[in-house]
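This is a predicted model, so every value here is computed, not measured.
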Amino acid sequence: LREFQASVIKQLQGGLEHLFNAKKINLIKGTARIISKNEVEVDNQGQKIKMSADHIVLATGSRPKTVPTFEINGKDILTSDDIWNLPFI
């Protein structure tokens, strides 16, 4: 199941990167900050890159939501990330 999960993720990422290349879309990985309507600054491992374009797509990814009353410990209280990485089903 883990191998299948990893292969699906790899396939989806590779497919998106292939589409970006085919359409000549620049893919820059990092933390982005919108500067103005048509400008964005991306911090890519300490290197700051400023870009301007008519269209900018920010793919934000996701993080598990925490609840202040519950301490996430990865054992009794799990996030969605923890569940995907359980060593057993």
Next item on the list: Could you tell me the separation between the NE2 atom of H55 and the CG atom of N38, rounded to the nearest 0.5 Å?
Entry: 9.0 Å

Notebook entry, point to check: Which atoms form the tightest heavy-atom contact between D43 and K48, and what is the distance?
Noted result: OD2-CE, 3.9 Å

Next item on the list: Output the distance between atom CG (D76) and atom CZ (F70), rounded to the nearest 0.5 Å.
Entry: 12.0 Å

Item checked: Atom pair OG1/CG of T79 and N73 - distance to nearest 0.5 Å -> 10.5 Å

Notebook entry, point to check: Does one hydrophobic cluster hold both V40 and I28, with members joined at side-chain heavy-atom distances below 4.5 Å?
Noted result: yes

Check: Yes or no on side chain to side chain contact (heavy atoms under 4.5 Å, CB included) for L27 and K29, after CA distance, side-chain angles and deciding distance?
Finding: CA-CA 7 Å; L27 172 63; K29 297 179 182 181; 4.1 Å; yes

Check: How many angstroms lie between CG in D54 and NZ in K37, if you round to the nearest 0.5 Å?
Finding: 9.0 Å

Next item on the list: List, by chain and number, the other hydrophobic cluster members for L12, where Ile, Leu, Val, Met, Phe, Trp and Tyr join if side-chain heavy atoms come within less than 4.5 Å, directly or indirectly.
Entry: F4, V8

Note to self: Set out, in order, the CA-CA distance, both residues' side-chain angles and the distance that settles side chain to side chain contact (heavy atoms under 4.5 Å, CB included) for L58 and I34, then state yes or no.
What the structure shows: CA-CA 9 Å; L58 298 178; I34 298 172; 3.7 Å; yes

Margin query: Apply side chain to side chain contact (heavy atoms under 4.5 Å, CB included) to residues D82 and I72 and explain how you reach the verdict.
Written below: CA-CA 10 Å; D82 294 328; I72 307 292; 3.8 Å; yes

Margin query: Could you see if I25 belongs to whatever hydrophobic cluster contains L19? Use Ile, Leu, Val, Met, Phe, Trp, Tyr and a side-chain cutoff under 4.5 Å.
Written below: no

Next item on the list: Find the distance between CZ (R33) and CD (E39) and round it off to the nearest 0.5 Å.
Entry: 10.0 Å

Check: If you measure from CD on Q5 to CG on N85, what distance do you get to the nearest 0.5 Å?
Finding: 6.5 Å

